[in-house]
Protein chains: 2
Amino acid sequence: MQTRKSRASFTGRVTMADVAKEVGVSAITVSRAFRAPGKVSPELHSRIVEVSRRLGYVPSRAASALASARSMTILALIPSLTNNVFVDVLVGIKEVLDAADYQMLIAITGYDQPDAEERMLRAHLGYVPDGILLTGVDQSEAVRTMIDGQGLPTVHMMDHSDREDLWWVGYSNAEAGRAVARYLLGRGRRRIGIIASQLDPRSLRRCEGCREVLAEAGLYDPGLDLRVPDHSSIPLGAELVERLLNQAPDCDAVFVCNDDLAQGAVFQCSQRGVAVPDRLAVVGFHDLNASAWASTPLTTVRTPRYQIGREATRLLLARIEGTPTSARRIDLGFSLVRRASG
Amino acid sequence: MQTRKSRASFTGRVTMADVAKEVGVSAITVSRAFRAPGKVSPELHSRIVEVSRRLGYVPSRAASALASARSMTILALIPSLTNNVFVDVLVGIKEVLDAADYQMLIAITGYDQPDAEERMLRAHLGYVPDGILLTGVDQSEAVRTMIDGQGLPTVHMMDHSDREDLWWVGYSNAEAGRAVARYLLGRGRRRIGIIASQLDPRSLRRCEGCREVLAEAGLYDPGLDLRVPDHSSIPLGAELVERLLNQAPDCDAVFVCNDDLAQGAVFQCSQRGVAVPDRLAVVGFHDLNASAWASTPLTTVRTPRYQIGREATRLLLARIEGTPTSARRIDLGFSLVRRASG
DNA sequence: ACACGATATGTCACCGCTAACATGCGCGCC
DNA sequence: GGCGCGCATGTTAGCGGTGACATATCGTGT
């Protein structure tokens with residue numbers, strides 16, 4: 001008892017019991033005052049609020065999660081923050097969570113190690129999230145097992161899947177790749193290249209969509225298909241377009257699977273004196289903020305990242321709370337934004 | 001009892017007790033096997049690890065935090081993710097935390113409401129973090145009280161303070177502003193403007209540093225000092241430089257307090273036919289990735305954001321664990337990067 | 001006047017884990 | 001051969017909340 005007392009005072013935290021004693025009620029009444037104000041008389045409620053504020057009481061989520069098996073926290077697994085793409089998604093997620101009084105836990109998995117997603121998940125599952133938002137639909141078996149084992153609801157984001165058991169909000173990367181290929185073909189381009197980096201499943205699906213349409217038209221040339229595993233960045237885009245133009249000088253268009261790469265590619269073309277789009281049309285992907293504001297504004301595919309964050313979170317919260325939803329798979333589509341580069 | 005049982009099985013989680021029963025030991029042994037492997041016999045340890053894996057056991061951080069008053073979690077309060085500035089800081093933080101087996105909780109405070117930091121802090125304190133990383137050194141009284149009340153160690157990032165009681169890792173925004181002013185004066189500029197947005201304390205300190213030096217030189221003109229509260233962005237930078245040039249056509253240089261604004265400013269100048277730097281020199285701040293890769297690469301101040309994240313986290317962990325540190329205030333400085341725009 | 005339901009508050013046990021303090025056991029040593 | 005000691009493991013009592021159920025209080029209809 002005495003030991004405990006000192007341990008508690010060591011942490012220095014004000015607890016619900018402290019508030020209860022000060023007000024002269026039992027702890028459960030304080031608990032109710034916060035979670036169900038209607039069940040506590042108005043005078044008591046205001047006194048409890050006042051005392052809590054005065055004492056600096058902050059409810060312990062750890063204790064609450066333990067006792068109620070609800071943490072009011074959702075976990076978002078994101079490949080990277082460096083890539084602005086996911087920042088937009090997070091903004092959408094956060095808005096919906098804030099409104100519902102949930103907290104967001106962000107886990108960054110990175111693109112490099114194949115088991116990173118599993119490790120990050122294991123580390124963060126300890127926080128007992130009430131649900132999980134996943135990026136993409138290509139989780140490893142280990143990840144699926146772990147999530148199912150915990151019985152946690154999940155929603156996938158940023159891609160498209162035919163699987164009946166998945167809840168997702170996104171768009172079809174494959175279809176987007178096809179759309180770009182058709183667009184470039186429609187504009188009379190015949191020697192169309194593909195540049196991609198990072199090679200996550202979504203980028204690859206875009207590449208494949210593009211390749212598919214080019215192949216159908218008999219115009220796919222593996223010599224114009226440049227895919228490297230490095231992280232995508234502006235300088236890498238510059239380097240890759242340089243390489244492409246050197247090995248295939250007659251290339252007249254290129255689908256660059258990420259806008260930062262595409263920005264670098266356009267930059268490099270202007271350095272090198274390659275006219276964009278006349279000599280080489282460049283189409284990017286994602287429509288990042290900066291893409292409209294380059295000396296040659298980028299033709300690109302706009303993805304509804306903010307909306308994906310919002311809708312995926314709405315769906316997840318509905319699942320958690322058992323509210324019926326109109327759909328469990330939401331395709332928010334994409335749109336090709338035509339600007340100067342292609 | 002029965003009720004409880006069903007509640008537990010409702011959550012479906014595998015607990016330490018489940019593992020213990022399966023192995024045939026008591027829960028505390030399982031606990032020790034994870035936290036202090038040396039205190040458990042090798043055979044038992046490997047059996048416990050094996051069974052845990054097989055059952056899919058994930059320790060509950062909530063329970064652990066409650067029982068041990070240590071959460072192995074640190075909280076980072078960041079104004080915004082949209083601004084790439086802090087993403088770099090987070091990458092640094094995360095690297096150090098990963099190595100030390102700590103988890104990172106990110107709270108995004110936003111720039112808009114003055115009490116947002118307080119509210120976000122309150123919401124996240126419930127996770128019982130072991131320490132806090134704060135952005136800037138200008139926290140409100142309420143925030144300080146709350147943190148002190150919990151007895152939590154903190155380290156401030158991204159600014160500089162003379163206060164003896166603060167631990168911080170950063171650079172002097174005021175000094176950086178002065179350096180820019182001196183640089184532009186040294187290059188013969190006389191009608192020097194200032195453009196800033198967002199108006200967080202750090203931007204303002206940069207502005208003030210710049211103004212100070214200009215005033216000393218007798219060259220400060222409030223008519224060239226444009227500060228707006230809106231979020232910083234490329235289009236806003238374009239708009240502001242337009243406004244500046246309209247109201248003061250003889251302006252020959254401008255310190256733009258954020259690189260994204262500066263990128264927009266340079267873009268707008270090229271649209272408008274204003275020669276950069278001949279007619280108008282533009283100096284940005286932060287040296288974002290894209291700034292080197294514009295048609296007119298940006299002269300800007302490079303801030304060591306990644307290192308700030310790393311060092312601040314090292315310092316915080318040392319404080320938490322009681323390791324002695326060589327310094328409690330680390331000025332990592334900044335450097336003016338000269339490129340084409342100024 | 002009294003049973004009855006609605007409302008306000010309390011009691012108790014327990015969520016999953018760990019600090020502190022046992023306990024049991026084998027070993028070396030005088 | 002008894003003693004003390006170190007090591008491996010167990011017992012107990014919480015950490016700070018909340019669910020389920022109990023109890024007290026009050027107004028209402030008959």
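Values in this document were obtained by computation on a predicted structure and should not be read as measured data. Naming: A, B, ... by sequence-line order, numbering from 1 per chain.
A:L125 places its CG atom 14 Å from the P atom of C:dG16, with the value rounded to the nearest Å. Between the CZ atom of A:R32 and the P atom of C:dG10 there is a distance of 8 Å, given to the nearest Å. The nearest whole Å value for the distance from the CG atom in A:L44 to the C1' atom in C:dG10 is 12 Å. Between the CD1 atom of B:I48 and the C1' atom of D:dG10 there is a distance of 13 Å, rounded to whole Å. If you measure from atom CZ of A:R70 to atom P of C:dC14, you get 23 Å, rounded to the nearest angstrom. Here the P atom of nucleotide C:dA19 and the CZ atom of B:F34 are 15 Å apart, to the nearest Å. The CD atom of B:E43 sits 13 Å away from the C1' atom of D:dC7 (whole-angstrom rounding). Distance B:I28 CD1 to C:dA20 C1': 10 Å, rounded to the nearest Å.
Residue A:A67 places its side chain closer to D:dT18 than to any other of D:dG14, D:dT18, D:dT9. Comparing C:dT18, C:dG10, D:dG17 against the side chain of A:V25 picks out C:dG10 as the nearest. Across D:dG16, C:dG10, D:dT18, the shortest atom-to-atom separation from the side chain of A:L66 is found for D:dG16. Picking from D:dG16, C:dG10, D:dT18 the nucleotide with the shortest atom distance to the side chain of A:A63 gives D:dG16. Ranking D:dT9, C:dA19, C:dG16 by closeness to the B:V40 side chain, first place goes to D:dT9. Checking C:dC17, D:dG16, D:dT9 against every side-chain atom of A:S60, the shortest atom distance belongs to D:dG16. Considering only the side chain of A:T15, D:dG17 comes nearest among C:dG16, D:dG19, D:dG17.
A cation-pi arrangement, defined by a distance under 6.0 Å to the six-membered ring centre and an angle within 45 degrees of its axis, is absent between B:R329 and B:W167.
The shortest distance between the side-chain N/O atoms of B:S41 and the OP1/OP2 oxygens of D:dA8 is not below 4.0 Å. Residue A:S64 has a polar side-chain atom (N or O) positioned under 4.0 Å from OP1 or OP2 of D:dT18. Within the 4.0 Å cut-off from OP1 or OP2 of D:dG16, not a single side-chain nitrogen or oxygen of B:Y127 is found. At D:dG10, one or more side-chain N or O atoms of B:T29 fall inside 4.0 Å of OP1 or OP2 (strictly under the cut-off). An OP1 or OP2 oxygen of D:dG10 is reached within less than 4.0 angstrom by a side-chain nitrogen or oxygen of B:S26.
Among the heavy atoms of the strands, none lies under 4.0 Å from A:G126. Using a 4.0 Å heavy-atom distance criterion, B:Y57 is classed as a sugar-phosphate-only contact.
Looking only at atom types and distance, the side chain of B:S140 has no donor-acceptor partner in the side chain of B:R144 under 3.5 Å away. Between the side chains of B:Q103 and A:H124, at least one donor N or O sits under 3.5 Å from an acceptor N or O.
Listed for the A:T73 side chain is no donor-acceptor partner under 3.5 Å among the backbone atoms of A:P129.
Taking only distance into account, the side chain of A:R35 never meets the base of D:dG17 through a donor-acceptor pair shorter than 3.5 Å. Under 3.5 Å, the side chain of B:R61 and the base of C:dG16 form no donor-acceptor pair of N or O atoms.
Under the 30°/60° scheme for interplanar angles, the aromatic rings of A:H231 and A:Y111 are found to stand perpendicular.
Remark: aromatic rings of B:W168 and B:H160 are close, center separation under 6.0 Å.
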